[in-house]
Amino acid sequence: MLVALIIPLIESVRNGPSILIIGAGPSGIAAATKLLKNNYTSIKIFEAEDRIGGRIRSVEFGDAFVDLGAEWCHGEKENIVYDMINQYNVLRHTNLSYKLVYSNGKYIDDDVYQALIDFADSIDASVTNEETEKNCQGLQSIGECFQKQFNASFTKRYSTDSGKLKLAVDSADWLECYMATYDSTFSLQDLSRRSNYKRCEGDLRLNWNGRGYKTILELMMQKFPDTSKQLPLDERIVLRKEVTKILWRHNNSKVVVQSSGNGSDEFDHVIFTPSLGVLKASHDSLFDPPLSVEKVTAIRNFGFGATFKIAMHFPKTWWNVSELYGFVWSAEDEKKITSDFPEGPFKNGRSWLTTSTKFFQAEHNPKVMIAFFAGEMVPDLEKESDQVLIDGCMYLFKTFLGSNYSVVEPDSIIRSSWYTNPHFRGTYSYESVKGGSGSRYPEELGKPLRNEDERPTVLFAGEATHPYYFSTVHGAIESGYREADRLINLYSS
Ligand SMILES: Cc1cc2nc3c(=O)[nH]c(=O)nc-3n(C[C@H](O)[C@H](O)[C@H](O)COP(=O)(O)OP(=O)(O)OC[C@H]3O[C@@H](n4cnc5c(N)ncnc54)[C@H](O)[C@@H]3O)c2cc1C
């Protein structure tokens, strides 16, 4: 037994173990760069897409880079992204003032907006609030707590102001979408009230000053700030190479990987980084033998949803550049959408036009506006034509902003398709009610597969494997470093 363990280790030390990283997103790039810096040179990355970056996707559009995936560095303390980039003076605070606009074109009072955000914070799973604990005791989902608390809270708050009470009540749908965007869930009814997610302290919306979130990949690969220092990683990345099967064996130290194109390859270790969405859809066809019951339970019960982003380029800037808009429909105006704009998805009598959460100007990009949509219609929105999306956004702009601005039509758009793309199948993970209270699923997702010698042969990284920073780039990067360290420690011992 001991000999069986030692011989492959000695050979691997001499030649360097062969390591395949599946996926060139932030976790894959983090693992690869750490291994390279520690002189593990026999590494490869197979990436199914025709580009690196994964759910970091910075696209040159208008005057700068626009992010169709990750956009902000969430926090400054104990955030590896912030720690790595801070010295280069790239990140900027996002100084936009949030304006809720009513469907009669009037701006909603800032204090109503603030009360709505305070309410959202008071029921957020990552923040402990004594009153919510008392009032929502026994409720599993944020959605249930929202329904129980919302009317009671605002009826009490605006008991002497029926105008503000109506505005607040009409804002409920917008607020649900706003909250769904943060966790990328299709429904707050599926979002658990218990979560191990940890917010980093500091500004949660640090932007990349028009350079795009891709800058963090360039930094890890040492292409930024000085290209001449770049790590020899590009030649180890194989694009358009989709892994279709991972054959790992209890009684063998090698892992065989089948992929699109030609045949199969053999490696000492595989680090698997594709999203939880990919695992949900394909774990049974990807792994041979199948994954353990515990891992499959974690894959099924940890949540994974999607949001939808559109970036629109206009011939000129027609909005107030310092404002970020949220659109609130009055109950009466919402009814008119069916006849005024019947195009695009509807669900339960509700149009997709009621599911936008925010519109704001892209950084350093005066003619580009970004729009977010959330909720259960996201999969249908991804399939809509550009023209319906443009017409729908124009209808929104004219309804909400037309009385204050001369709205013009966009001349081009780019849009996300995270849910439809089989290499992602959504945006990021969240704690679902299926997991019960405060699940340990990320830890389970991050456990390696070991052969009978207890050698980790298939390792798992990726945002969903981080115990408390899941859903984020900083979580993804830490998970990549974690798995690289697992191998480095294995060989150094
Ligand atoms: C719209 C959106 C907004 C976001 N906003 C933020 C934000 O503001 N801040 C933040 O911190 N985070 C944000 N995130 C989350 C962040 O982008 C992710 O947490 C992070 O990028 C995940 O990195 P990863 O390496 O775990 O996975 P990925 O980035 O998904 O990388 C996995 C890679 O595996 C590849 N792959 C999949 N299947 C295969 C296969 N079979 N064979 C080979 N390759 C395969 C994929 O193509 C992909 O490149 C956002 C994400 C989205 C989509």
Side-chain angles (χ1 to χ4, degrees), residues 20-32 44-58 67-75 79-82 94 181-184 199-200 204-208 213-214 216-217 220 237-246 257-261 270-279 281-283 285-286 304-311 370 372-374 378 382 415-419 421-430 442 445-446 460-466 469-480 483:
L20 173 70
I21 297 160
I22 304 177
S27 62
I29 298 285
K44 266 192 180 150
I45 302 189
F46 286 176
E47 167 54 54
E49 293 275 302
D50 59 2
R51 59 174 183 90
I52 69 158
R55 282 170 276 166
I56 290 182
R57 183 158 190 213
S58 311
D67 280 303
L68 287 176
E71 186 157 354
W72 297 285
C73 170
H74 295 317
N79 180 325
I80 197 161
V81 170
Y82 185 82
T94 306
T181 307
Y182 279 97
D183 293 283
S184 110
R199 278 190 200 177
C200 297
L204 298 175
R205 280 166 49 94
L206 291 163
N207 70 70
W208 292 84
Y213 214 135
K214 69 168 177 50
I216 201 69
L217 304 172
M220 286 192 286
I237 302 177
V238 189
L239 297 176
R240 296 182 204 84
K241 185 101 168 148
E242 179 176 341
V243 170
T244 50
K245 200 163 230 36
I246 299 161
V257 171
Q258 294 174 356
S259 46
S260 55
V270 168
I271 304 181
F272 183 92
T273 76
S275 73
L276 178 59
V278 169
L279 277 173
S282 332
H283 71 85
S285 62
L286 268 171
F304 199 73
T307 54
F308 182 56
K309 248 184 191 183
I310 313 174
I370 312 254
F372 270 76
F373 290 81
V378 165
E382 287 192 358
R415 33 154 343 149
S416 63
S417 56
W418 298 109
Y419 181 81
N421 188 325
H423 304 141
F424 302 97
R425 296 192 184 273
T427 42
Y428 42 88
S429 60
Y430 64 88
L445 292 169
F460 292 85
E463 53 90 3
T465 71
H466 197 289
Y469 287 153
F470 52 84
S471 81
T472 63
V473 174
H474 49 281
I477 291 175
E478 281 199 1
S479 76
E483 295 311 313

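For ligands, and for the atoms within them, numbers begin at 1 and follow the listed sequence.
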Does an N or O from [X], backbone or side chain, lie closer than 3.5 Å to an N or O of ligand 1?
X	value
Gly426	no
Trp72	yes
His74	yes
Lys309	no

Where is the nearest protein heavy atom to [atom]: which residue, which atom, and how far?
atom	value
atom 53 (C) of ligand 1	Thr427 CG2, 3.3 Å
atom 26 (O) of ligand 1	Glu463 N, 2.9 Å
atom 34 (O) of ligand 1	Gly23 CA, 3.2 Å
atom 32 (C) of ligand 1	Thr273 O, 3.7 Å
atom 39 (C) of ligand 1	Pro274 CG, 3.7 Å
atom 23 (O) of ligand 1	Pro26 CG, 3.3 Å
atom 51 (C) of ligand 1	Tyr428 CD2, 3.5 Å
atom 16 (C) of ligand 1	Val473 CG2, 3.7 Å

For [X], take its heavy atoms, then give the atoms of ligand 1 lying under 4.0 Å from any of them.
X	answer
Ala476	22 (C), 23 (O), 24 (P), 26 (O)
Ile22	42 (N), 43 (C), 44 (N)
Leu68	1 (C)
Lys241	42 (N), 43 (C)
Gly462	26 (O)
Glu71	5 (N), 6 (C), 7 (C), 8 (O)
Phe46	43 (C), 44 (N)
Ser471	12 (N), 14 (N), 15 (C), 19 (O)

Below 4.0 Å from any atom of ligand 1, is there a heavy atom belonging to [X]?
X	value
Ile52	no
Arg57	no
Ser416	no

Ignoring hydrogens and geometry, is there a side-chain-to-backbone donor-acceptor pair from [X] to [Y] under 3.5 Å?
X	Y	result
Arg55	Gly25	no
Ser259	Lys241	no
Glu463	Ala476	no
Asn79	Cys200	no
Glu49	Arg51	no
Ser282	Ser285	no
His474	Ile80	no
Ser27	Ser479	no
Thr427	Gly305	yes
Ser260	Glu242	yes

| query | Counting heavy atoms only, which of Ala48, Gly25, Ala70, Ser27 comes nearest to atom 43 (C) of ligand 1? | reply |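 Answer by nearest heavy atom: Ala48.
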| Winner among Glu47, Glu49, Arg55 once heavy atoms are compared against atom 48 (C) of ligand 1 | Glu47
| query | Around atom OH of Tyr469, are there more than 12 heavy atoms of other residues, nucleotides or ligands at under 6.0 Å? | reply | yes
| Parallel, tilted or perpendicular: ring planes of Phe308 versus Phe373, cut at 30 and 60 degrees | tilted
| message | If you apply the rule side chain to side chain contact (heavy atoms under 4.5 Å, CB included), what do you find for Ser184 with Phe304, and how did you get there? | response | CA-CA 7 Å; Ser184 110; Phe304 199 73; over 6 Å; no
| said: Any salt bridge linking Glu71 with Lys309? Criterion: basic side-chain nitrogen under 4.0 Å from a carboxylate oxygen. | reply: yes
| task | Could you check Leu204 against Trp72 for side chain to side chain contact (heavy atoms under 4.5 Å, CB included), going step by step and ending with a plain yes or no? | result | CA-CA 7 Å; Leu204 298 175; Trp72 297 285; over 6 Å; no
